[in-house]
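Working notes for the structure below.
On a predicted model such as this, the values are computed, not experimentally measured, just so you know. Order of the sequence lines fixes the chain letters, A, B, ..., with proteins taken first and strands second; residue numbering starts at 1 for each chain.
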There are 2 protein chains.
Amino acid sequence: MNIHSTKATPIQVNPIGKREHIIDATIKLISEYGFHGTPISLIAQEAGVGAGTIYRYFKDKDTLVLEIFKQANNAFKETLLHGYDANQTIRDRFLHLCRGIFQYGIQNPYEFKFIEQFYNSPYGTTLRREKLFCNCGDTGQELPLEQLFAFGQAQQIIKKLPLAALIALAIGPIVFLVKDSIAGLIQLDETTINSTLAACWDAVKQDTGGR
Amino acid sequence: MNIHSTKATPIQVNPIGKREHIIDATIKLISEYGFHGTPISLIAQEAGVGAGTIYRYFKDKDTLVLEIFKQANNAFKETLLHGYDANQTIRDRFLHLCRGIFQYGIQNPYEFKFIEQFYNSPYGTTLRREKLFCNCGDTGQELPLEQLFAFGQAQQIIKKLPLAALIALAIGPIVFLVKDSIAGLIQLDETTINSTLAACWDAVKQDTGGR
DNA sequence: ACAGACGGAATGAACATTCATTCTACAAAA
DNA sequence: TTTTGTAGAATGAATGTTCATTCCGTCTGT
């Protein structure tokens with residue numbers, strides 16, 4: 001093995017990347033088996049590191065998962081906001097945000113399931129409740145979907161429904177479909193996505209006389 | 001073996017309720033903490049029985065959970081089908097079925113979350129996939145929602161979308177809302193439920209010219 | 001007194017976390 | 001260039017805990 005000029009090997013030789021492998025393995029396994037269902041030993045195996053190594057990068061299992069959630073959740077929000085134009089019509093902005101959920105879910109299936117699981121765990125529920133009641137956002141960033149709905153209601157464009165119901169009407173079907181897609185139960189082509197998005201809009205838009 | 005007084009029910013003879021207590025405790029705990037997150041010891045404590053007693057009624061933890069799922073799932077289907085009238089309009093039948101989901105979820109929050117979790121577990125996913133591909137139903141009973149959609153599509157009443165997408169549009173928001181309701185994030189009154197159901201119909205119904 | 005139901009301690013397997021040790025990279029010394 | 005010293009990274013066997021399941025002495029209705 002030669003020593004000099006070893007700069008062209010960016011893959012395994014670098015010390016950097018081990019942390020990423022651990023994170024990737026954790027996301028993949030927990031998204032499938034859940035927190036309690038995936039032992040550290042399995043994460044270590046999947047990541048190709050020793051079990052002890054994980055504790056060089058993360059204090060404990062909880063911290064590991066929490067950190068991953070924050071990271072994935074931020075990436076998710078960024079996907080939604082990328083290219084978001086506050087000057088577009090309400091409908092177009094709505095479609096943009098909802099399409100973002102599809103996009104993120106299809107491109108990051110493991111992260112998507114991970115986030116979903118986290119939100120449905122006791123910890124995630126507590127988090128949402130606190131956000132709801134205290135409004136003491138740490139990141140400050142709230143889903144712009146809520147503002148959009150409030151704004152649209154004032155203009156008689158969006159149905160008069162509790163915000164939570166509108167959000168359920170918009171997000172519910174998409175989350176449902178993406179999960180089916182990840183499970184391999186359906187193939188999501190562009191046409192299906194577009195029609196589904198249009199249908200979601202039909203659900204939240206104010207009636208204009210159509211029977 | 002004694003001859004007289006043939007006991008056809010070997011389990012129910014003893015103080016009735018023990019088995020039910022175990023089931024109830026399991027549903028409650030697993031719906032909150034998940035399968036791997038709820039130890040048998042905790043179930044025993046919550047049910048007010050000894051840990052060993054559980055094994056008098058169920059072979060092991062898996063069997064316990066599987067049996068509960070079947071039971072809850074059947075009760076769920078019954079709720080949906082109760083009062084279902086195949087002679088009503090497609091819209092009314094749709095609303096009936098969807099309202100049933102709300103009803104069951106609100107009246108049986110623990111069971112609802114339990115079923116949801118089960119379907120999203122690896123086991124549940126496998127089950128759904130098998131049902132989809134083999135069509136070898138054990139109970140035979142499929143959600144009538146699918147038939148309804150297929151029928152409605154033929155009559156141009158329902159949007160031309162993959163069945164999975166239609167089901168997502170109908171069920172997704174309701175599941176989403178019920179979970180929020182169970183988490184205490186929203187109060188579901190009759191008005192909200194009705195409006196949400198109407199919105200779900202808007203999502204799946206064929207356009208009639210409204211802009 | 002007897003048969004079965006019951007509780008909960010006992011058991012062994014699996015788990016999260018720790019720690020003594022080994023490995024690696026690199027720089028100073030020769 | 002080669003050797004040696006060293007700090008930090010990495011490891012996986014060891015540790016103490018928790019789990020699912022079993023086992024056995026006790027209790028209850030008959």
Side-chain angles (χ1 to χ4, degrees), chain A residues 1-27 29-30 32-69 121-123, chain B residues 1-27 29-30 32-69 121-123:
Chain A
M1 280 290 180
N2 222 330
I3 303 290
H4 49 253
S5 77
T6 56
K7 50 179 284 184
T9 52
I11 305 176
Q12 285 261 358
V13 181
N14 274 338
I16 308 171
K18 206 145 277 200
R19 190 186 147 100
E20 277 309 312
H21 283 157
I22 294 168
I23 289 179
D24 290 346
T26 307
I27 291 175
L29 291 170
I30 289 195
E32 180 147 11
Y33 304 116
F35 179 82
H36 295 291
T38 74
I40 288 281
S41 57
L42 196 63
I43 295 175
Q45 192 185 27
E46 174 83 20
V49 303
T53 305
I54 293 176
Y55 290 86
R56 296 202 55 77
Y57 293 93
F58 303 95
K59 182 173 158 287
D60 54 22
K61 202 182 171 188
D62 287 87
T63 306
L64 166 63
V65 168
L66 203 62
E67 215 154 302
I68 290 177
F69 168 73
S121 75
Y123 192 86
Chain B
M1 276 296 177
N2 220 332
I3 304 282
H4 50 253
S5 79
T6 56
K7 30 184 162 184
T9 54
I11 292 176
Q12 288 258 1
V13 177
N14 40 32
I16 307 172
K18 206 144 277 202
R19 190 187 147 101
E20 277 309 311
H21 284 157
I22 294 168
I23 289 179
D24 290 346
T26 305
I27 292 174
L29 292 170
I30 288 195
E32 179 147 13
Y33 304 116
F35 179 82
H36 295 290
T38 74
I40 289 281
S41 57
L42 196 63
I43 295 175
Q45 192 186 25
E46 174 83 20
V49 303
T53 305
I54 293 176
Y55 290 86
R56 297 205 58 75
Y57 293 92
F58 303 94
K59 181 174 157 288
D60 53 22
K61 203 182 170 187
D62 286 89
T63 306
L64 166 63
V65 167
L66 203 61
E67 214 155 302
I68 290 177
F69 168 73
S121 75
Y123 191 85

How long is the straight-line distance from [atom2] of [Y] back to [atom1] of [X], given to the nearest 0.5 Å?
X	Y	atom1	atom2	result
A/Ile22	A/Ile43	CD1	CD1	9.0 Å
B/Phe58	B/Ile40	CZ	CD1	10.0 Å
B/Ser41	B/Glu46	OG	CD	12.0 Å

Rounded to the Å, how far apart are [X] [atom1] and [N] [atom2]?
X	N	atom1	atom2	answer
B/Ile54	C/dA5	CD1	P	16 Å
A/His21	D/dA10	NE2	C1'	15 Å
B/Arg19	C/dC6	CZ	C1'	17 Å
B/Arg56	D/dC23	CZ	C1'	12 Å
A/Tyr33	C/dA14	OH	C1'	17 Å
B/Lys18	C/dG4	NZ	C1'	13 Å
A/Ile30	C/dA16	CD1	C1'	13 Å

If you count every heavy atom of other residues, nucleotides or ligands that lies below 6.0 Å from B/Glu20 atom CD, does the total exceed 12?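 Count over threshold, so yes.
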Can you name the closest pair of heavy atoms from B/Thr38 and B/Leu29 and give their distance?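 For B/Thr38 versus B/Leu29, the nearest heavy atoms are CG2-O, 3.3 Å.
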Hey, does [Y] have a side-chain heavy atom less than 4.5 Å from the side chain of [X]?
X	Y	value
B/His36	A/Phe35	no
A/Phe69	A/Ile30	no
B/Tyr57	B/Ile23	no

With the side chain of B/Pro39 defined as its heavy atoms from C-beta on, choose the nearest nucleotide among C/dC15, D/dA9, D/dC19. D/dC19
For a side-chain contact (heavy atoms from CB on, under 4.5 Å) with B/Ile68, tell me which candidate from B/Leu66, B/Leu64, B/Val65 qualifies.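 Among the candidates, only B/Leu64 passes.
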Which atoms of nucleotides 17-20 of chain C (N or O only) lie under 3.5 Å from a protein N or O atom, and what are those distances?
residue: C/dT17; atom: OP2; partner: A/Tyr55; partner atom: OH; Å: 2.6
residue: C/dT17; atom: OP2; partner: A/Lys61; partner atom: N; Å: 3.1
residue: C/dT17; atom: O5'; partner: A/Tyr55; partner atom: OH; Å: 3.4

Hey, can you pull the residues of residues 42-50 of chain B with a non-hydrogen atom under 4.0 angstrom from DNA chain C? B/Gly48, B/Val49, B/Gly50
